[in-house]
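These notes concern the structure reproduced below.
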Amino acid sequence: PLYSGTFDCFRKTLVGEGVRGLYRGMAAPIIGVTPMFAVCFFGFGLGKRLQQRKPDDVLTYPQLFAAGMLSGVFTTVIMAPGERIKCLLQIQAATGETKYSGSLDCAKQLYREAGIRGVYKGTVLTLMRDVPASGMYFMTYEWLKNILTPEGRSVSDLSVPRILFAGGLAGIFNWAVAIPPDVLKSRFQTAPPGKYPNGFRDVLRELIREEGVASLYKGFTAVMIRAFPANAACFLGFEVAMKFLNWIAPGL
């Protein structure tokens with residue numbers, strides 16, 4: 001292995017490539033993050049409405065989980081190409097080969113080599129990651145909001161620290177579910193063409209045979225360090241945006 005762990009990876013990347021190396025492959029996710037989260041929350045809202053007989057119906061936690069899973073289906077359309085490009089750019093430093101000069105160049109080469117299928121390679125694994133993880137994400141957030149709301153108060157009046165705490169923990173629960181399929185997806189998306197003819201089954205067999213079951217949780221520390229602050233900020237932004245929209249257009 002090139003790195004012995006998360007902090008060894010951080011140190012070697014910083015020494016070898018500088019601070020910019022820590023942000024390698026970020027252009028594609030940054031371009032897609034705004035529409036991705038818009039579609040994500042839209043999918044969750046749609047999933048809730050499809051299960052409600054009346055607008056004020058309170059959904060059960062399994063119903064919230066199902067609504068969250070629908071949002072995962074919606075986001076995959078945007079996420080899959082960005083994830084493919086990001087992963088390919090990030091492994092260039094390890095291979096020593098600079099095949100792609102950036103996100104746009106990577107997308108062009110993938111399309112030229114294999115068409116739209118090349119750009120969307122790993123879509124099934126992205127679905128396997130995002131559908132159950134999104135269900136866990138939204139269900140956990142709603143559950144924590146209910147727990148953290150003082151008796152006699154409305155969930156909509158939750159304080160900023162409590163929203164941050166609920167959002168951060170929801171992100172941790174999300175990634176606890178998402179890491180194994182994410183590892184499989186990244187390995188599959190960066191593999192040479194034809195290496196895994198049977199898709200994720202071949203990737204799973206190879207990983208377990210060569211590195212054991214623990215390999216499915218590679219990158220756990222790095223992901224969890226990111227998960228809490230990133231998702232705390234995400235849900236705070238969502239709640240603030242919704243309050244602002246309800247203020248300027250209450251009947252929308």
Side-chain angles (χ1 to χ4, degrees), residues 25 28-52 59-87 116-117 119-146 163 166-190 199-201 203-204 216-220 222-224 226-239 241-242:
I30 284 174
I31 290 168
V33 71
T34 300
M36 188 275 290
F37 275 111
V39 169
C40 175
F41 282 97
F42 167 78
F44 178 59
L46 178 62
K48 289 198 295 183
R49 285 196 295 273
L50 289 173
Q51 298 179 88
Q52 289 174 319
L59 298 179
T60 63
Y61 290 120
Q63 287 176 315
L64 291 170
F65 186 86
M69 288 198 297
L70 181 62
S71 79
V73 176
F74 277 72
T75 56
T76 296
V77 178
I78 299 172
M79 287 287 287
E83 289 280 315
R84 168 97 155 117
I85 292 166
K86 173 175 70 75
C87 290
I116 197 68
R117 292 184 64 182
V119 178
Y120 273 88
K121 181 180 178 181
T123 298
V124 172
L125 279 162
T126 307
L127 275 170
M128 290 173 62
R129 179 194 69 177
D130 288 351
V131 170
S134 294
M136 180 62 73
Y137 188 50
F138 284 105
M139 183 189 72
T140 303
Y141 180 64
E142 296 294 333
W143 170 61
L144 288 169
K145 279 205 305 181
N146 289 333
I163 290 172
L169 275 186
I172 287 176
F173 276 84
N174 167 80
W175 277 104
V177 173
I179 287 177
D182 185 65
V183 170
L184 296 175
K185 176 196 69 66
S186 298
R187 181 70 66 97
F188 180 71
Q189 286 183 321
T190 56
F200 76 91
R201 289 172 294 177
V203 186
L204 180 62
L216 293 174
Y217 278 89
K218 271 187 174 181
F220 179 87
V223 168
M224 289 305 170
R226 178 190 67 180
F228 191 96
N231 291 283
C234 172
F235 274 111
L236 178 62
F238 170 74
E239 297 290 354
M242 289 303 296

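Heavy atoms only: backbone and side chains are in, while hydrogens, waters and symmetry mates are out. Bear in mind that the values here come from a model prediction, so they are computed numbers and not experimental data.
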Note to self: When you measure from the side chain of S186 to the backbone of V183, do you find a donor-acceptor pair of N or O atoms at a distance under 3.5 Å?
What the structure shows: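 Side chain of S186 to backbone of V183: no pair is present.
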Note to self: If you apply the rule side chain to side chain contact (heavy atoms under 4.5 Å, CB included), what do you find for F228 with W175, and how did you get there?
What the structure shows: CA-CA 10 Å; F228 191 96; W175 277 104; over 6 Å; no
Side-chain donor-acceptor pairs of residues 128-137 under 3.5 Å, sequence neighbours excluded:
| unit_1 | atom_1 | unit_2 | atom_2 | d |
| --- | --- | --- | --- | --- |
| R129 | NH1 | E83 | OE1 | 3.1 |
| R129 | NH1 | D182 | OD1 | 2.7 |
| S134 | OG | D130 | O | 2.7 |
| Y137 | OH | N231 | OD1 | 2.7 |

What heavy-atom pair brings [X] and [Y] nearest, and what distance separates the two atoms?
| X | Y | result |
| --- | --- | --- |
| A176 | Y217 | O-OH, 3.5 Å |
| K185 | T126 | CD-OG1, 3.3 Å |
| T76 | L127 | OG1-CD2, 3.4 Å |
| V203 | R187 | CG1-CG, 3.6 Å |
| T75 | V39 | N-CG1, 4.1 Å |
| C87 | T190 | CB-CG2, 3.6 Å |

Notebook entry, point to check: Out of I116, T123, V119, which residue meets the side-chain contact (heavy atoms from CB on, under 4.5 Å) rule with P81?
Noted result: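 Only one option passes, and that is V119.
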Note to self: Q189 vs L125, test: side chain to side chain contact (heavy atoms under 4.5 Å, CB included). Steps then yes/no.
What the structure shows: CA-CA 9 Å; Q189 286 183 321; L125 279 162; over 6 Å; no
What is the distance from atom [atom1] of [X] to atom [atom2] of [Y], rounded to the nearest 0.5 Å?
| X | Y | atom1 | atom2 | answer |
| --- | --- | --- | --- | --- |
| T60 | M139 | OG1 | CE | 10.0 Å |
| F188 | R201 | CZ | CZ | 11.0 Å |
| N174 | I179 | CG | CD1 | 9.5 Å |
| L204 | L184 | CG | CG | 5.5 Å |

Next item on the list: State, with a plain yes or no, whether a side-chain heavy atom of F44 is found less than 4.5 Å away from one of E142.
Entry: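 The answer is yes, as the side chains (C-beta and beyond) meet within the 4.5 Å cut-off.
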Notebook entry, point to check: Which of these, F41, Y61, F65, sits in a ring pair (Phe, Tyr, Trp, His ring centres under 6.0 Å) with F138?
Noted result: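 So the option named by the test is F41.
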Next item on the list: Could you walk me through whether L59 and Q52 pass side chain to side chain contact (heavy atoms under 4.5 Å, CB included), step by step?
Entry: CA-CA 7 Å; L59 298 179; Q52 289 174 319; 3.7 Å; yes
Checklist line | Neighbour count above 12 (heavy atom, 6.0 Å) for Y120 OH | finding: yes
